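To keep things clear, I will list the structure first and then write my remarks on it.
No experiment lies behind these values; they were computed from the predicted model shown. Below, each value reflects all heavy atoms present in this structure, side chains not excepted, and no hydrogens, waters or symmetry copies. Positions are given from 1 along the sequence.
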Amino acid sequence: MEFIKAIILGIIEGITEWLPISSTGHLILADEFIKLKQSTEFMNMFNVVIQLGAILAVVVIYFKKLNPFDSSKTPHETQLTWQLWLKVIIACIPAIIIGLPLDNWLDAHFHKFVPIAFMLIIYGFAFIYVEKWAKTRPDTLTNLDRMSYRFAFYIGLIQVLSLMPGTSRSGVTILGAIILGASRFVATEFTFFLGIPVMFGASLLKVVKFMLSGGGFSLSQFAILMVASVTAFLVSIVVIKFLMDYIKKHDFTFFGKYRIVLGVILLVYAGISAVFGG
């Protein structure tokens with residue numbers, strides 16, 4: 001049963017990591033109903049490290065675009081690839097400076113139902129409003145190669161907001177990039193790439209914290225983590241391709257409405273649980 005639960009959680013992660021609806025929020029919520037028989041320390045680590053499996057799907061799908069050592073690329077294309085990585089690194093700086101000191105505090109205070117629900121609702125309305133507003137002005141950045149380093153840094157500043165569970169890293173960076181003038185396609189693609197170093201770093205931090213708190217993984221814990229991560233990777237391959245096709249014809253309004261409905265349901269559930277002590 002533990003491995004079946006891990007597969008279900010991997011599926012949830014593979015879907016929600018890329019859709020702007022908060023993967024960490026969904027995993028925390030799923031744990032309320034699909035509880036792995038593991039320690040709190042392990043689950044705090046699991047909910048982050050499982051995202052690494054999803055992130056690896058980006059590396060596979062975009063390997064040629066992200067690989068500066070591809071011999072088939074022209075010197076100009078190689079230069080653009082290095083510039084892309086530099087932009088990604090620059091965009092990671094705010095999360096490193098602000099996220100590391102706040103990691104323990106956020107874990108202790110906001111990995112809970114009510115904060116997640118409020119973040120789902122707040123950013124749900126934000127998506128709906130921003131999409132309506134964005135239709136009133138032309139996109140000023142429609143080619144990722146033309147993104148400036150300053151633009152990348154601003155997206156990195158906005159990404160800091162995603163440290164709050166329920167916000168959605170992909171959601172807040174896509175939203176911020178659109179506000180700054182990027183097209184949905186550019187905003188989404190850069191968000192994918194930005195997730196690579198961010199999630200590698202976050203996963204390493206969580207693994208180190210877990211190792212220091214408990215002395216290491218048991219064989220069963222390692223197996224559960226691997227099963228969930230591989231499942232997230234396979235599902236992510238499908239979801240990434242779906243999302244890139246979806247945004248060619250649609251905006252993110254639907255996801256904003258989904259966030260609001262889910263947030264309200266969670267607040268109702270939290271209220272009922274508080275009343276009846278469940």
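- With respect to K73 and D70, no salt bridge is recorded, no charged nitrogen being found less than 4.0 Å from a carboxylate O.
- The aromatic rings of F210 and F217 lie tilted to each other, with the angle between the two planes from 30° to 60°.
- Ring-plane geometry between F252 and F127 is classed as tilted, the angle between the planes lying from 30 to 60 degrees on a 0 to 90 degree scale.
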* **Derivation of the side chain to side chain contact (heavy atoms under 4.5 Å, CB included) call for L225 and M45** => CA-CA 10 Å; L225 185 60; M45 180 274 299; 4.1 Å; yes
* Stepwise side-chain hydrogen bond (donor to acceptor under 3.5 Å, both in side chains) test for S23 and T16 -> CA-CA 5 Å; S23 61; T16 59; 4.7 Å; no
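- Put simply, the side chain of F46 reaches to within 4.5 Å of the side chain of I224, judged on heavy atoms.
- Defined by atom type and a distance below 3.5 Å, a donor-acceptor pair is present between the side-chain atoms of S72 and K64.
- Between the CG atom in L36 and the CG atom in L9 there is a gap of 5.5 Å [rounded to 0.5 Å].
- With rounding to the nearest 0.5 angstrom, the OG atom of S236 is 7.0 Å from the CD atom of E17.
- Ring pair F192/Y62 is tilted by interplanar angle, where 30° to 60° counts as tilted.
- Screening F125, W18, Y246 against F255 for a ring pair (Phe, Tyr, Trp, His ring centres under 6.0 Å) leaves a single residue, Y246.
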Indicate every side-chain donor-acceptor pair of residues 198-206 with a distance under 3.5 Å to a residue at least two apart or in another chain.
residue : atom : partner : partner atom : Å
S203    : OG   : M199    : O            : 2.7
K206    : NZ   : D103    : OD1          : 3.3
K206    : NZ   : D103    : OD2          : 3.4
K206    : NZ   : D107    : OD1          : 3.2
K206    : NZ   : D107    : OD2          : 2.5

